[in-house]
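Sequence positions, counted from 1, serve as the residue numbers for this chain. We count ligands from 1, going down the list as the structure has it; atoms in each ligand are counted the same way. Note: hydrogens, waters and symmetry copies are ignored here, and every other heavy atom, side chains too, is used. All figures in this text were calculated on a predicted structure; none of them were measured in a lab.
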Amino acid sequence: MENLDEIQNRISTAIEQAIDLGALEALRVVALGKKGEVSLVLRTLGAMSPEQRQEFGPKLNALKTELNAAIVRRRGTLEAEALEQRLAEEKIDVSLPTQPIAMGSIHPVSQVFAEAEAIFADMGFAVATGPDIETDFYNFTALNFPPKHPARQMHDTFFFAPDANGERKVLRTHTSPVQIRTLQAVVEQAKRDGKELEPVRIIAPGRTYRCDSDQTHTPMFHQIEGLVIDQTTHMGHLKGCLQDFISAFFETQVKARFRPHHFPFTEPSAEMDIGYERVGNEIRVGQGDSWMEILGCGMVHPNVLRSVGIDPDVYQGFAFGVGVDRLAMLKYGIPDLREFFAADQRWVQHYGFSPISQPNLATGLSS
Ligand code: DAH
């Protein structure tokens, strides 16, 4: 049966020339599928004489096996070619520069908060917070501001309209009310546990408000309050703690002095000055012959302790309050305070800090 050779040559050639996997599959159906050419010839076996069947049966089967094998081979080749082509097309040039990632900047005030928190955390302080809208009690009375005392006016307070009870809430003029809230919580805790007071060692970073606006004052500004209360802390600890903080913050040995002052909530009270020198337009903090006031501090007034039910004959400690915006201006050479709040993106890009290397409680300032 020459016919078989002809079929084999023709189909083998077509298989070799199939240009892709789709074409190859179509060919397989036409040649070997149920109604394909080879199957049709196989069906004619039934009508043959036994001798003919003996002769053609094996030949036909061999043809089928051969064509199937040719298809498998061709499929392998086509698949390998397709893979090669994909690899070539999808080649990645690892030397290409990456797309720049647009990243925001950390505002200098946030940066200074993070730095100060890291330093005080090292010294064993926890962070406490309180509300921006305060009552007269927390902002003034409990802090030993006598009623109608001129110190209340000194603070240029933003008052809210009186509520139904005639009470006028205020935007807190300092972070000191967090002292009262923290002490109240500790007193409550001690009552619940039936134990004596836990020692207090907190800082309270936050926003503060005064009706004041010029080159060095803005209606909103930032402070960090500090408070330590236990049975033994004295003024020497206060001085050491603040001296250490200021040197760690400015990352240099800073000369400091404590000047007597007055605050209603501390006795004795002091202001801390740091040494600096002016070189051209630049202020260099550390040494030098000039002094700059940097924070207020003192030993917590007995009346403050009494206002939360703590016995001042047993407990004592110190407090301090520092202006954060001032710290940021000094450390990072930022000339105008008002720019802090202008929300100018270019300014934040220029004076801001990378979000991926923030100081934190675990790594301190060095990260
Ligand atoms: N509260 C004061 C202010 O806003 C700052 C201050 C001074 C806080 C002395 C203190 C302190 O805790 O002891 O001006």
Inset, instruction - Provide the full list of side-chain hydrogen bond (donor to acceptor under 3.5 Å, both in side chains) pairs with a residue in residues 11-39, sequence neighbours left out, each pair given once. - result: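 For residues 11-39, and leaving out neighbouring residues, the side-chain hydrogen bond (donor to acceptor under 3.5 Å, both in side chains) pairs sorted by first residue read R10-E37, E25-R28.
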Inset, instruction - Any side-chain hydrogen bond (donor to acceptor under 3.5 Å, both in side chains) involving residues 65-78? Give me the pairs, sequence neighbours left out, ordered by first then second residue. - result: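 Listed by first then second residue: nothing to list.
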Inset, instruction - Identify whether NZ of Lys or CZ of Arg in R181 sits under 6.0 Å from the centre of the six-membered ring of Y138 and within 45° of that ring's axis. - result: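 The answer is yes; both the distance and angle limits are met.
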Inset, instruction - Decide if the gap between the ring center of Y276 and the ring center of W291 is smaller than 6.0 angstrom. - result: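 Aromatic pair excluded; centres sit 6.0 Å or further apart.
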Legend entry - Within the 6.0 Å centroid threshold, strictly below: F221 and H174: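 They do not qualify: ring centres at least 6.0 Å apart.
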Please tabulate, one line per pair, the protein nitrogen or oxygen atoms found under 3.5 angstrom from a nitrogen or oxygen of ligand 1, with distances to 0.1 Å, or say none if there are no such pairs.
residue  : atom   : partner : partner atom : Å
ligand 1 : 1 (N)  : H174    : ND1          : 2.9
ligand 1 : 1 (N)  : S176    : OG           : 3.0
ligand 1 : 4 (O)  : R210    : NH2          : 2.8
ligand 1 : 4 (O)  : Q223    : NE2          : 3.0
ligand 1 : 12 (O) : Q179    : NE2          : 3.1
ligand 1 : 12 (O) : E225    : OE2          : 2.6
ligand 1 : 12 (O) : F320    : N            : 3.3
ligand 1 : 12 (O) : F320    : O            : 3.3
ligand 1 : 13 (O) : A319    : O            : 3.1

Inset, instruction - Supply the members, apart from F159, of the Ile/Leu/Val/Met/Phe/Trp/Tyr cluster built from side-chain contacts under 4.5 Å; use none for a lone residue. - result: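 In the cluster with F159 are V170.
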